[in-house]
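Shown next, in structure tokens, is the structure this report addresses.
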Amino acid sequence: MNAIQLSHTKLALKLFAAHYRQAPLQAAAILIGIVLAVTLFVSVQAINLNAKRSYAESTEQLGAQAKYLILPSVGQSHLDESLYFKLRQQGLSASLPVIEGRVRDQQGQRWKVQGSDLIAAMTSRMRYSDEQNASLFDSVLPLPELLAGKPIVMMSESQYQSLGGESKIVLDDKTTKIAVLPDDWQLGTRMLMDIGFAQQILNQQRKLSYIAVFDSRGEGQRWQKTIGEQGQWIANNQSTDLGALTDSFHLNLTAMSLLAFLVGLFIAYNGVKYSLLKRNRLLVQVQQAGLGANRVFAALLIELIILVTVGASLGFIFGIQLSHWLHPTVALTLEQLYGATLLPGTWHWQWLAQALLLTLASTLLACWQHFKQRVRQPLSSHGGLYQIPEEGNNSQLLVIGVALTSIALCGLWVSEHHRFTMAWLGVLVVSIPLYLPKTLSVLAAWCEQHTEPGLLNYLFAELRELISPLSLAMMALLLAVTANLGMNTLVGSFEFTLKQWLEQRLHADLYVSPAQSEIANVERALEQFDNVGTVYKQYYVDDNAEGLPILLGTKDRDTLEQTMVFKSKLGNFWPRFYRGEIVAISEPTSEKLGLALESELQLESFKDKSLVVGAIFYDYGSPNGEVLLAPKVWLESGFTQVPTSLGIKISGDQQVMYNQLREELKLHPSQIYDQAQIKAIALDIFSQTFAITRALNGVTLMVAVIGLFTACFMLLDARKAAIARLFALGVSRNKLMAMVVGQITALVMFTLIIAMPLGALVGYVLTDIVTLRAFGWSLQYVWSWSDAITIAAMTVVVAVVATLIPLWRLVSKPVVSSLQSEVL
């Protein structure tokens, strides 16, 4: 570029800057779209990448990441502590004993705690980890008190603040001092104790949950022989397992962020089109004055790059802040659904570069041809607001939309993996806005033909011309409303299905959950109570099938027959089940492993035997698998005879039974649940689990609503001369305001009429296809008219407010000043 060309480009940029100083709303409209698009994109990217980092860096508390784990033998709940000392004596020094369990605070809330040999943990971190931020002699670590055996629990700074900053906490009636460790020590939401104190408070003296091994010196077979039947030596695949389990969750977040990104780009592109429309005369005049078309085109590109850079930078800052706000909700969801721990969030400047490049590439691709058309228009052109409706283009968009929808529906029909299903759903959602321009034109034309000549007829006639400048804002609104309706349908369907399922699953009057060490004593005591009709028992151990975590269990006969809600089963199921010929599996197990009735299932606990599937039962809330055995098979296989939980059928007064449990068995109120309590807890967990989805869904709709607001504001600013002409011709102020508001309301209502059935379709795909393939849950499809009406009413109100504010200013001004704007 020579000096003259450079000076011409600079001159064009100065003219554009002067234009924006006179009309800052136009630059703001473009920036708002970019900021909103990048904000959600960056926040979800930060959440997803931080979660994956947490899985990859999952370590033993204050220790390094274990390469191997020594777990209890099948059917056993704990290891004997003597095994750890035996292995140490034989040379396996790079190991760490760990005890895990749950305790209650003074409010009855349950906390998961972990105890380990802290000196061994810190030594392993220094020897086997690149992280050197935690030191054994760090002043924040209360080492002398820990070695003295004092009751201390350690937690991260974030967790400490969430508890209100108290210096002590009462755990299982034992006052415990809180030691606060920095967030970068990677405790996450976990609580840590010295192993001696943990064994004492959990009443598990000389017991271990597992032994973490950091370096086996390549002698895994030797150590397995030493362990013998006391335990099992396995590779630590926790990060891989969590990554696979949470794949569908993170895919869902990514899909919503990309949808919001697309909606934001629609808003930005609409702002660019409006800005070019208002500068059309300026673009012609500068070329008439001697600036070459190429220089004007280059100036437009540079202007767009500057706006995108500013908008993306602001969006990056807001996105990082939004990810921090959403972090606790995501951490809670991952912990409740998958048992994953999310470490404190971090951010990287590379994310800004990624967001900037993606936004820049998208906007340049969208605007390139539009810029060329503007700078190559005839120099005799004067421009204007209204454009001749492009019926041919609208028809082409409709044909493309129908073709994409047909392809997407075929893809949804044949796809089997949730990733492909989500991809086809994305194609379906993207195809939806392509229907809009043609459909709005047809609806406006039909209304024009069926109204009497007059102001109402003029309303619809002018509305046909408004469709072109407002089509992009309406497309963004259609996308957001459709996605919002679809997601609300999914959440509502899940809630309805869960309630129905809980009604069938909960058959006992009371459920008790004593400490695992006391459950056998409680079981024996309950058998002696006069007003206890039946004690229901269920037993579970952890297992694995083809990489899928499995809960392997059994229940007493009454519980099995009263609570198992079948999806399908073989004939003569119960007699064959009790004989041990077949087993029952949950729906997630069936879907994730591709099993059907009479399929063979291989579990790690039954390495030499295949289990035959005799029934598939519904199971909601957990994406993991579950396999139920007959009580006879459970006992013959040597599994634990200590129940995991107990249910009580009461033959007398429930309040008397409740008091007996508290007074005679010393159970805490939080250890006793009735059916209503369990339903409330389950629905509360459900609500928290979907909180992140609801939050992102609301933000996406907010993005579209802001876009609609700015589009209505800009359009009315451009139409002030036309509105002033009607005012000058004698149309009263009230009728004028009613007409303009009516036009925007009609346009929004037309868009909502299209969005309703499409939102129902997206909801059906999410409920009946995506959820089944991602989680293995069959949900009953439930459409909520109240949600649909609420969204529609909110959208119409925003459109009316966005129109009334500038309209009131317009009709309050002298008519001459508005008419003059037409020739400026």
Side-chain angles (χ1 to χ4, degrees), residues 246 248-249 251-253 255-256 259 326 328-338 418 421-422 425 480-507 511 563-567 586-588 591 617-624 626 673-701 755-756 758-794:
T246 59
S248 54
F249 174 79
L251 183 62
N252 180 42
L253 295 190
M256 294 190 72
L259 174 65
L326 295 176
T329 304
V330 176
L332 184 64
T333 301
L334 290 170
E335 183 175 343
Q336 290 176 342
L337 264 183
Y338 308 100
H418 69 273
T421 304
M422 286 291 285
L425 180 61
V481 171
T482 299
N484 199 285
L485 289 172
M487 194 59 67
N488 282 349
T489 300
L490 170 63
V491 175
S493 299
F494 198 169
E495 186 171 18
F496 177 82
T497 305
L498 184 62
K499 286 179 179 178
Q500 297 290 101
W501 179 70
L502 287 172
E503 291 290 341
Q504 295 170 295
R505 284 293 294 262
L506 298 174
H507 69 303
Y511 293 85
T563 64
M564 201 180 299
V565 185
F566 292 109
K567 180 180 181 180
S586 66
E587 187 183 24
E591 292 294 329
F617 59 89
Y618 292 111
D619 185 28
Y620 300 104
S622 171
N624 296 342
E626 183 175 337
Y673 308 92
D674 61 19
Q675 290 190 26
Q677 275 183 298
I678 293 179
K679 290 173 189 173
I681 292 169
L683 292 173
D684 181 57
I685 291 174
F686 159 83
S687 177
Q688 292 172 341
T689 298
F690 278 93
I692 179 64
T693 301
R694 291 181 188 273
L696 292 179
N697 205 16
V699 173
T700 304
L701 186 61
M756 291 292 177
L758 294 174
L761 176 61
V762 171
Y764 172 79
V765 173
L766 287 171
T767 302
D768 277 35
I769 301 177
V770 174
T771 304
L772 180 61
R773 291 171 186 170
F775 296 98
W777 301 333
S778 293
L779 305 180
Q780 185 174 338
Y781 179 81
V782 178
W783 172 259
S784 173
W785 280 108
S786 60
D787 283 349
I789 292 171
T790 300
I791 292 172
M794 182 182 69

Can you measure from [atom1] ([X]) to [atom2] ([Y]) and round to the nearest 0.5 angstrom?
| X | Y | atom1 | atom2 | answer |
| --- | --- | --- | --- | --- |
| Thr489 | Asn484 | OG1 | CG | 9.5 Å |
| Lys499 | Glu495 | NZ | CD | 4.5 Å |
| Leu761 | Thr482 | CG | OG1 | 9.5 Å |
| Leu766 | Asn488 | CG | CG | 11.0 Å |

### Message
Keeping Glu587 on the side-chain end and Lys567 on the backbone end, is there a donor-acceptor pair under 3.5 Å?
### Response
no
### Message
What verdict does the side-chain contact (heavy atoms from CB on, under 4.5 Å) test give for Leu490 and Leu779, after you've listed the backbone C-alpha separation in whole Å, the side-chain angles of each residue and the deciding distance to 0.1 Å?
### Response
CA-CA 9 Å; Leu490 170 63; Leu779 305 180; 3.9 Å; yes
### Those residues that, when tested against Glu626, pass salt bridge (charged side-chain N to carboxylate O under 4.0 Å, His left out) (two or more places apart)
none
Any side-chain heavy atom of [X] sitting closer than 4.5 Å to one from [Y]?
| X | Y | value |
| --- | --- | --- |
| Val481 | Ile791 | yes |
| Trp501 | Asp619 | yes |
| Thr767 | Val782 | no |

### Task
Taking atom OH of Tyr511 as the centre, report whether more than 12 heavy atoms of other residues, nucleotides or ligands fall under 6.0 Å from it.
yes
### Query
What's the shortest heavy-atom distance between Ser493 and Thr497, and which atoms?
O-OG1, 2.7 Å
### Query
Can you name the closest pair of heavy atoms from Ser778 and Tyr618 and give their distance?
CB-CE2, 3.8 Å
### Query
How are the rings of Tyr764 and Tyr781 set to each other: parallel, tilted or perpendicular (split at 30° and 60°)?
perpendicular
### Query
For Phe566, which residues count as a ring pair (Phe, Tyr, Trp, His ring centres under 6.0 Å) partner, sequence neighbours excluded?
Phe573, Trp574
